[in-house]
Q: 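So that we are looking at the same thing, I have put the structure below in structure tokens.
Quick caveat: nothing in here was measured; it's all calculated off a predicted structure. Below, chains carry the letters A, B, ... as their sequence lines are ordered, and counting in each starts from 1.
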There are 2 protein chains.
Amino acid sequence: MSRKRFDDSDCAVARALDEVGDWWSLRIVLQAMYGTRRFVDFQQQLGIARNILCNRLERLVACGVLCKVNVGEHGCRYEYRLTDKGRDLFTVLMALRQWGEKWTAAASDKPQAVVLDKASGRPIGPLQVVDADGQPLSVRDVVLAWRQPSQ
Amino acid sequence: MSRKRFDDSDCAVARALDEVGDWWSLRIVLQAMYGTRRFVDFQQQLGIARNILCNRLERLVACGVLCKVNVGEHGCRYEYRLTDKGRDLFTVLMALRQWGEKWTAAASDKPQAVVLDKASGRPIGPLQVVDADGQPLSVRDVVLAWRQPSQ
DNA sequence: CCAGTTTGGTTTCGTGACGAAACCATATTA
DNA sequence: TAATATGGTTTCGTCACGAAACCAAACTGG
């Protein structure tokens, strides 16, 4: 039996996970945000098996997170670039990064990757869920409702 | 060969994905945020196989995202509740939800789940990556640096 | 312009994870 | 006390994953 799919779920989180919810996809997108574009570079930086990378890149292109651009001068040589949809995962990845920094232990002897605001050189601020007026909200301040499909 | 682990990675995103980066874990945490606490309720609401649910709950308890509480009156009956670490995934899940709402197509005939601010009844605001002063940042405004481990 | 290297894959093979369904012991309840 | 709910475990088949080998089409150095 194949993996359970969530693509028709009524929950947007489930649909999102259906597209990028595996072990590698988000890491590939993250690398792409750091500037990686070529197959071999992804492969070496992530340590991913080549066939799996191939499969993931195909899937990410198929669902519009990446696009595959031919940059060969006399034939085919490819780059994988983020689309707007892919770039929009920035928020998700930074939220995940902040959670990881706060709650998971790093190997204490290695330098840690941190994200800085290019203009000021300072770390970015903490992400927050906010209400319509910009006031912070916690889990307990929200409620799940059902919106009927607009006809 | 077992799945590649990222638990000692120098990247906080990789470490976070190592703990909650599979198809089910984040959905289980999301259900927990909506109030689900019992094994059978998780199983029915998610449609997950019982052995997989069992395995995932164990892992989430082991890494401190959930805790298992005995609520039986004459013996054992369990509830799985979010810890602070688990509740802190709220931001990640809301970011994922907003991305899913914006970029993945919902089945047009089903009512959609939406998150509302309990106090005002309005939808929550969009999540943004911000700098130290609260100004919005895009992918292009940030840079990756390496922080040496503090001795 | 030719040989060697880089790039971007595909194929094969072994192992492990996943999903379905059946089974089971203990709690709860009617 | 019988029936049912709960919280699992076991078994089994299929599929996904990872490693390594293989390969053809660019590209590059001389």
Q: Take the protein atom CG of A/Leu57 and the nucleotide atom P of D/dC17, then report the distance between them rounded to whole Å.
A: 14 Å
Q: Main chain of A/Ile48, side chain of A/Gln43: is a donor-acceptor contact present, judged purely on distance under 3.5 Å?
A: yes
Q: Taking only N and O in the side chain of B/Trp23, is any of them less than 4.0 Å away from OP1 or OP2 of C/dA17?
A: no
Q: Taking OH from A/Tyr80 and P from C/dG8, how many angstroms apart are they, rounded to a whole number?
A: 7 Å
Q: Rounded to whole Å, please give me the gap between CD in A/Glu58 and C1' in C/dG8.
A: 12 Å
Q: Nearest-Å distance, CG (B/Asn55) to P (C/dA20)?
A: 15 Å
Q: Taking only the side-chain heavy atoms of A/Ile52 (C-beta and beyond), determine which of C/dG8, D/dC17, D/dT9 contains the nearest atom.
A: D/dC17
Q: Between P on C/dT10 and CD1 on A/Ile48, what's the gap in Å once rounded to a whole number?
A: 14 Å
Q: Between the main-chain N or O of A/Ala95 and the side-chain N or O of B/Thr91, is there a donor-acceptor pair closer than 3.5 Å?
A: no
Q: Looking only at atom types and distance, does a side-chain atom of A/Asn70 sit under 3.5 Å from a main-chain N or O of A/Gly72, one as donor and one as acceptor?
A: yes
Q: Under a 3.5 Å distance rule, please check whether A/Gln98 uses its side chain to pair with a backbone N or O of A/Gly125 as donor and acceptor.
A: yes
Q: Counting primed atoms plus P, OP1 and OP2 as sugar-phosphate and everything else as base, spell out the protein contacts along nucleotides 20-30 of chain D at 4.0 Å heavy-atom distance: B, S or - for each nucleotide, 5' to 3'.
A: -----BBS---
Q: Within this structure, what is the CZ-to-P distance between A/Arg56 and C/dT10, rounded to whole angstrom?
A: 14 Å
Q: Whole-Å distance between C/dT7 C1' and A/Arg37 CZ?
A: 17 Å
Q: Report yes or no: does B/Arg38 contribute a side-chain atom to a donor-acceptor pair with the main-chain N or O of B/Tyr78 at less than 3.5 Å?
A: yes
Q: Of the options C/dG8, D/dT6, D/dG18, whose atoms approach the side-chain atoms of B/Arg38 most closely?
A: D/dT6
Q: Whether B/Trp24 contacts C/dC18 is assessed here as follows: a side-chain N or O lying under 4.0 Å from the phosphate OP1 or OP2. Is that the case?
A: no
Q: Please evaluate residues B/Thr36 and B/Gln45 with respect to the criterion side-chain hydrogen bond (donor to acceptor under 3.5 Å, both in side chains), reporting the C-alpha separation (whole Å), side-chain torsions for both, the decisive distance (0.1 Å), and the verdict.
A: CA-CA 9 Å; B/Thr36 303; B/Gln45 289 160 13; 2.5 Å; yes
Q: In whole angstroms, how far is the P atom of C/dG9 from the OH atom of A/Tyr78?
A: 7 Å
Q: Any ion pair linking A/Asp88 and A/Lys85 (charged N to carboxylate O, less than 4.0 Å)?
A: no
